[in-house]
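Hydrogens, waters and symmetry mates play no part in the numbers below; they use all other heavy atoms, side chains included. Throughout, residue positions are numbered sequentially from 1 according to the sequence presented.
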Amino acid sequence: MITIQNLTKIFRTEELETSALSGINLQINEGDFLSIMGPSGCGKSTLLNIIGLLDSASDGSYTLLNQEMIGLKEKGRSSVRKENIGFIFQNFNLIDELSVYDNIELPLIYNNVKASDRKLKVEGIAEKLNIAHRLKHYPQQLSGGQQQRVAVARALINDPKIILADEPTGNLDSKNGNEVMELLTDLHAKGATILMVTHSDYDASFSQRTILMKDGVIFSEKSNQRNVDVFKV
């Protein structure tokens with residue numbers, strides 16, 4: 001699904017040149033659940049943003065579904081992003097002025113889905129994520145865990161090929177955070193491809209494997225026993 005070869009990212013100003021990523025090589029197959037860990041400033045969020053087509057690399061190759069992404073203009077990146085990628089953010093990024101229903105519906109509007117189909121899809125995914133009773137509420141009327149479920153619903157509403165999660169439990173207490181990780185595990189068990197950036201060893205243990213980054217490079221990779229045990233059952 002995703003092949004990254006010798007990927008680099010350099011940030012330049014008039015006075016300074018900073019290498020954020022240096023020679024990254026990574027393979028993500030359909031159905032994988034992969035975590036990326038490392039200290040702040042190691043490049044993990046930069047890598048996630050490039051994979052999510054929110055930023056572009058300086059050099060190297062990044063193919064998504066057999067299409068080269070490096071060198072793609074913003075219009076092309078936007079089109080690929082809308083059709084293939086769902087995002088889950090640490091801060092939820094919900095629009096306070098819109099109801100839960102309207103927040104979930106928004107990506108469908110951007111993709112020109114007709115109103116009757118939008119209603120069916122919003123109600124269907126809200127039912128699956130146990131937030132159907134909250135569709136008329138507003139984000140500030142929800143708990144953190146419920147807000148993240150709304151964010152997950154919005155990320156999934158267009159049936160993306162891959163889900164990118166950036167610290168999805170970072171603003172949640174342990175109970176709500178665990179609910180979100182169990183939700184991601186369930187989505188993965190049903191076939192979702194997930195790439196997650198996290199600082200939490202506990203959250204990373206829900207994934208199949210963990211990539212460790214430092215100073216803009218991948219320096220190790222490990223399989224996660226919890227996930228192995230789950231799939232042995």
Side-chain angles (χ1 to χ4, degrees), residues 1-12 18-38 41-95 103-113 121 125 148 150-168 170 184 187-188 191-198 207 209 211 213 216-218:
M1 176 175 279
I2 288 176
T3 301
I4 291 173
Q5 297 177 316
N6 299 317
L7 195 75
T8 65
K9 176 63 177 181
I10 298 173
F11 293 103
R12 293 183 175 91
T18 302
S19 178
L21 298 174
S22 179
I24 297 292
N25 293 286
L26 183 63
Q27 180 74 40
I28 302 173
N29 299 315
E30 185 175 358
D32 280 354
F33 187 174
L34 177 66
S35 294
I36 302 178
M37 297 190 71
C42 71
K44 57 187 184 296
S45 290
T46 300
L47 178 58
L48 193 76
N49 286 339
I50 291 173
I51 292 173
L53 302 173
L54 298 174
D55 198 359
S56 56
S58 302
D59 200 4
S61 173
Y62 162 31
T63 59
L64 172 63
L65 299 171
N66 299 315
Q67 180 182 357
E68 179 61 62
M69 298 291 107
I70 304 301
L72 207 61
K73 301 296 184 183
E74 173 53 35
K75 184 176 180 181
R77 293 206 308 268
S78 177
S79 177
V80 173
R81 191 167 57 235
K82 285 194 299 182
E83 292 175 8
N84 298 289
I85 301 172
F87 294 92
I88 304 170
F89 300 99
Q90 176 178 350
N91 295 320
F92 316 137
N93 285 8
L94 302 177
I95 300 173
N103 268 281
I104 298 172
E105 181 189 36
L106 205 55
L108 297 174
I109 294 174
Y110 290 151
N111 274 9
N112 299 312
V113 177
K121 286 179 73 72
I125 201 163
Q148 193 60 293
V150 176
V152 170
R154 182 185 57 191
L156 297 179
I157 196 69
N158 275 322
D159 301 313
K161 304 291 193 305
I162 184 168
I163 300 167
L164 302 183
D166 191 359
E167 299 282 0
L184 290 178
L187 291 171
H188 173 239
T193 304
I194 303 172
L195 177 60
M196 176 178 69
V197 163
T198 181
S207 64
R209 56 191 174 110
I211 297 293
M213 293 186 65
V217 300
I218 294 173

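The main-chain N or O of Lys161 is never found under 3.5 Å from a side-chain atom of Asn84 such that the two would form a donor-acceptor pair.
You'll find the side chain of Leu7 reaches within 4.5 Å of the side chain of Ile70, heavy atoms only. By the 4.5 Å heavy-atom criterion applied to side chains, Gln148 and Ile88 are counted as neighbours. Side-chain contact between Phe87 and Asp166: absent, with no pair of heavy atoms (C-beta onward) separated by less than 4.5 Å. Side chains of Asp59 and Asn6 form no contact here, defined as non-hydrogen atoms less than 4.5 Å apart. Using a 4.5 Å heavy-atom threshold, the side chains of Asn111 and Lys82 count as touching. Looking at Ile218 and Asn25, their side chains never come closer than 4.5 Å, going by heavy atoms from C-beta outward. Within the 4.5 Å cutoff, no side-chain heavy atoms of Ile2 are placed close to those of Thr193.
Looking at Gln27 and Thr3, their side chains do bring a donor and an acceptor atom within 3.5 Å of each other.
Evaluation of the salt bridge (Lys or Arg N to Asp or Glu O under 4.0 Å) rule for Asp32 yields Arg209 as partners, not counting sequence neighbours.
Nearest heavy-atom pair across Met196 and Leu184 is SD-CD1, 4.3 Å.
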In sequence, state the C-alpha distance, the side-chain angles, and the governing distance for Leu47 and Val197, and then conclude on side chain to side chain contact (heavy atoms under 4.5 Å, CB included). CA-CA 9 Å; Leu47 178 58; Val197 163; over 6 Å; no
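A side-chain contact (heavy atoms from CB on, under 4.5 Å) with Ile157 holds for exactly one of Val152, Ile104, Val113, Asn103; it is Ile104.
Atom OG1 in Thr63 sits 7.0 Å away from atom CD in Gln5 (nearest 0.5 Å).
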